[in-house]
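What follows is a short report on a single structure.
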2 protein chains.
Amino acid sequence: MPGNETADENTIFVGNKPPMSYVLAVVTQFNGGSDDVSIKARGRAISRAVDTAEIVRNRFVKDAVIKDIIIGTESLTNEEGRSSNVSSIEITLSTN
Amino acid sequence: MPGNETADENTIFVGNKPPMSYVLAVVTQFNGGSDDVSIKARGRAISRAVDTAEIVRNRFVKDAVIKDIIIGTESLTNEEGRSSNVSSIEITLSTN
């Protein structure tokens, strides 16, 4: 569905790289014409997702506001078939 | 001011202890009659604050909802007088 594709394009997944890698990705999305960009992370990368959002709106896209912040719990299954829970965050920045 | 004292009592600061320490503190606040409890953290402890909120509402206080999530940036000055920025989060859980 076109709607879903658009949503995925506007989502940046934060992992273990330095925060500036993700800042650049978010800024690029905004410069490409996106009004909303979602920053997602799980587990320990959650604090890096918050860093990313804060650096973007304080230094690079000063008209961006925090539209929404959602936290949740995801169930992961490892190679041995055991499941464990991990926290997640989704921060949506908007220039609208 | 009485208003501020009440707010401080209902705030749990998350640091480097295991998440369950903070979960216990939050649950104790709710059991003591608080309707709202704020969970605050800075830097790498942010992901632990999200874990704390998720464990509380999924396992211990099932009628608690996420009332508000605020992220921000705080400026810290180290012993040498140099300042650095650190991200912060405040998650407010409510049973109202």
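Quick caveat, the model's predicted, so the values are computed rather than measured. Excluded from the calculations below are hydrogen atoms, water molecules and symmetry mates; all remaining heavy atoms, backbone and side chain alike, are included.
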Heavy-atom contact with chain A under 4.5 Å, split by part of [X]:
{"X": "B/R57", "result": "side chain"}
{"X": "B/I66", "result": "side chain"}
{"X": "B/N58", "result": "side chain"}

More than 12 non-hydrogen atoms from neighbouring residues, nucleotides or ligands closer than 6.0 Å to CG on A/D63, yes or no?
yes
Quick one: closest heavy-atom pair of B/V50 and A/S88, and the distance?
CG1-O, 4.0 Å
Considering non-hydrogen atoms only, spot the tightest contact between B/S47 and A/G43 and give its length.
CB-O, 3.3 Å
Cluster check [X], [Y]: I/L/V/M/F/W/Y, side chain < 4.5 angstrom:
{"X": "A/M20", "Y": "A/L93", "value": "yes"}
{"X": "B/V86", "Y": "B/I39", "value": "no"}
{"X": "A/F60", "Y": "A/V26", "value": "yes"}
{"X": "A/F30", "Y": "A/L24", "value": "no"}

For A/A53, is it the side chain, the backbone, both, or neither that has a heavy atom closer than 4.5 Å to a heavy atom of chain B?
side chain
A/I91 versus chain B, the contacting section by heavy-atom distance below 4.5 Å
side chain
Separation between CZ of A/R59 and CG of B/N85, rounded to the nearest 0.5 Å
7.0 Å
Atom CD1 of B/I46 and atom OG of A/S87: how far apart are they, to the nearest 0.5 Å?
13.0 Å
Is any side-chain heavy atom of B/I89 less than 4.5 Å from a side-chain heavy atom of A/I89?
yes
Take B/T73 and A/E54 through the side-chain hydrogen bond (donor to acceptor under 3.5 Å, both in side chains) test and state the conclusion after the steps.
CA-CA 7 Å; B/T73 302; A/E54 286 295 297; 2.4 Å; yes
